[in-house]
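Whatever order the structure lists them in is the order used to number ligands and atoms, beginning at 1. Computed from heavy atoms alone, side chains included, the values below leave out hydrogens, waters and symmetry copies.
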Amino acid sequence: MTPLGERIAALIAAQGPISVAQYMTLVLHDPEAGYYVTHDPFGGKGDFITAPEISQMFGEMLGAWCAQVWSDRGKPKNMHLVELGPGRGTLMADALRAVKRVPGFLNDIEIVLVESSPLLRESQREKLKNSGARIRWTSRFDVRDAPLLVIANEFFDALPIRQYVKTARGWCERMVVLKDGKLDLALAPLPAPFALIPSSRAGAPEGGFYEVSPAATALCEEIARGIASHGGAALILDYGYTGIGFGETLQAVGAHRFVRPLDEPGHYDLSAHVDFVALADAARHGGAQISGPVPQGQFLEQLGIGARAKALTKANPAQADQMASALQRLTAPEQMGKLFQAMALLPPSAPRPPGF
Ligand code: SAH
């Protein structure tokens with residue numbers, strides 16, 4: 001076991017089993033040995049690759065989306081452009097470059113990067129040092145008195161989930177326990193209170209899962225409140241589901257391969273598929289209206305990624321194959337085009353944003 005694994009085992013020995021959510025939080029964010037504190041997860045040599053790291057076109061499309069929404073809202077002044085979990089800063093760098101020539105957009109906008117990892121903050125600082133933008137870092141999303149544009153790509157999947165499993169005695173929470181001195185997963189002996197499980201899960205078969213991310217829904221509601229009171233929009237892109245399912249989606253990834261979530265805590269990324277229905281409900285509760293979710297492929301195509309790929313290929317014919325393959329990866333249904341979804345949060349009476 002890793003030193004972090006030993007500490008988690010000692011915690012469980014002292015206080016009893018912990019929820020999957022608490023385990024994810026410790027593994028991802030422990031201040032000494034958490035995955036995001038000690039790793040740069042991205043790239044070919046890293047653990048996984050994300051859309052902005054595949055191609056500059058992704059960030060460019062999102063930059064254009066932001067500029068269009070800003071313009072459709074009457075070009076408000078003092079807007080905050082917030083990115084949740086900016087990774088290496090690639091998306092923001094590409095987005096800012098793409099909107100440089102949109103008159104007025106960047107003049108008095110403030111960029112806010114919500115990032116918990118000191119390591120990734122450094123990468124972001126480096127990547128954005130010549131962007132000319134005013135940038136503030138924070139480790140928690142906070143609403144100030146300003147219109148908001150919020151972007152979150154592959155952020156919500158990193159937020160901790162709790163898992164419940166349907167059994168003959170009711171829905172029991174899946175816990176991380178100690179078995180023969182090792183970390184293991186087991187169901188809580190007593191069922192969870194009835195009120196914790198939504199009625200939409202009533203038809204679950206025995207062994208079916210219900211996953212919920214209280215951190216994700218609380219944050220989504222907070223963003224919705226900000227947008228409803230101050231105007232703007234949010235765009236969430238992630239892998240996830242748009243209906244009711246009974247499977248489990250907790251996953252651990254290292255070096256581009258799936259591993260077991262309890263293996264070597266702190267060495268692998270942990271995440272879960274995003275429940276877009278739950279996020280949409282939370283956002284509506286916060287006073288926002290929803291566009292989508294729509295498949296990422298469709299969203300990017302509507303924003304004109306095809307034309308952008310053609311233009312880039314024309315400017316650089318030697319990279320034609322690379323460009324075609326990046327476009328395919330981002331949009332094809334069997335690649336990222338369908339598993340990934342795009343959803344927007346808007347003030348109640350706002351018109352539909354581009355891409356939806
Ligand atoms: N958006 C980037 C990175 C996705 S990985 C991309 O598409 O490439 C998830 C990002 O969220 C990382 O930057 C990670 O450090 C950050 N993160 C994860 N949990 C967080 C939390 N609770 N608070 C703030 N940032 C978090």
Considering only protein heavy atoms, which is closest to [atom], and at what distance to one decimal place?
{"atom": "atom 22 (N) of ligand 1", "value": "His29 NE2, 3.8 Å"}
{"atom": "atom 15 (O) of ligand 1", "value": "Glu115 OE2, 2.5 Å"}
{"atom": "atom 7 (O) of ligand 1", "value": "Asn153 ND2, 2.7 Å"}
{"atom": "atom 24 (C) of ligand 1", "value": "Ser116 N, 3.4 Å"}
{"atom": "atom 3 (C) of ligand 1", "value": "Gly85 O, 3.3 Å"}
{"atom": "atom 4 (C) of ligand 1", "value": "Glu154 O, 3.3 Å"}

*asked:* Distance alone, cut at 3.5 Å: any donor-acceptor contact between the side chains of His230 and Asp145?
replied: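 Per modelled atom types, His230 and Asp145 side chains form a pair under 3.5 Å.
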Should you measure from each heavy atom of [X], which atoms of ligand 1 turn up under 4.0 Å away?
{"X": "Pro52", "answer": "6 (C), 7 (O), 8 (O)"}
{"X": "Gly87", "answer": "2 (C), 3 (C), 13 (O)"}
{"X": "Ser117", "answer": "15 (O)"}
{"X": "Leu120", "answer": "12 (C), 13 (O), 15 (O)"}

| Could a heavy atom of Arg140 be found less than 4.0 Å from some atom of ligand 1? |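 No.
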Member of Glu115, Glu53, Glu126, Glu154 meeting the salt bridge (Lys or Arg N to Asp or Glu O under 4.0 Å) criterion with Arg88: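 Result for salt bridge (Lys or Arg N to Asp or Glu O under 4.0 Å) with Arg88: Glu53.
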- Message: Once you restrict to heavy atoms under 4.0 Å, what part of Thr50 touches ligand 1? Side chain, backbone, both or neither.
- Response: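 The answer is the side chain of Thr50.
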message: Would you say the ring centers of Tyr268 and Tyr35 fall short of 6.0 Å from each other?
response: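 Not under 6.0 Å, so no.
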Closest non-hydrogen atom pair, [X] against [Y]:
{"X": "Leu312", "Y": "Met323", "result": "CB-CE, 3.6 Å"}
{"X": "Pro261", "Y": "Tyr23", "result": "O-OH, 3.0 Å"}
{"X": "Ala224", "Y": "Ala283", "result": "CB-O, 3.2 Å"}

Taking Lys166 for its side chain and Gly207 for its backbone only, find out whether a donor-acceptor pair lies under 3.5 Å.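 Answer holds: no.
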(request) Could you tell me whether a side-chain N or O of Asp238 sits under 3.5 Å from a main-chain N or O of Gly240, the two making a donor and an acceptor? (result)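 Judged by distance alone, no pair lies under 3.5 Å.
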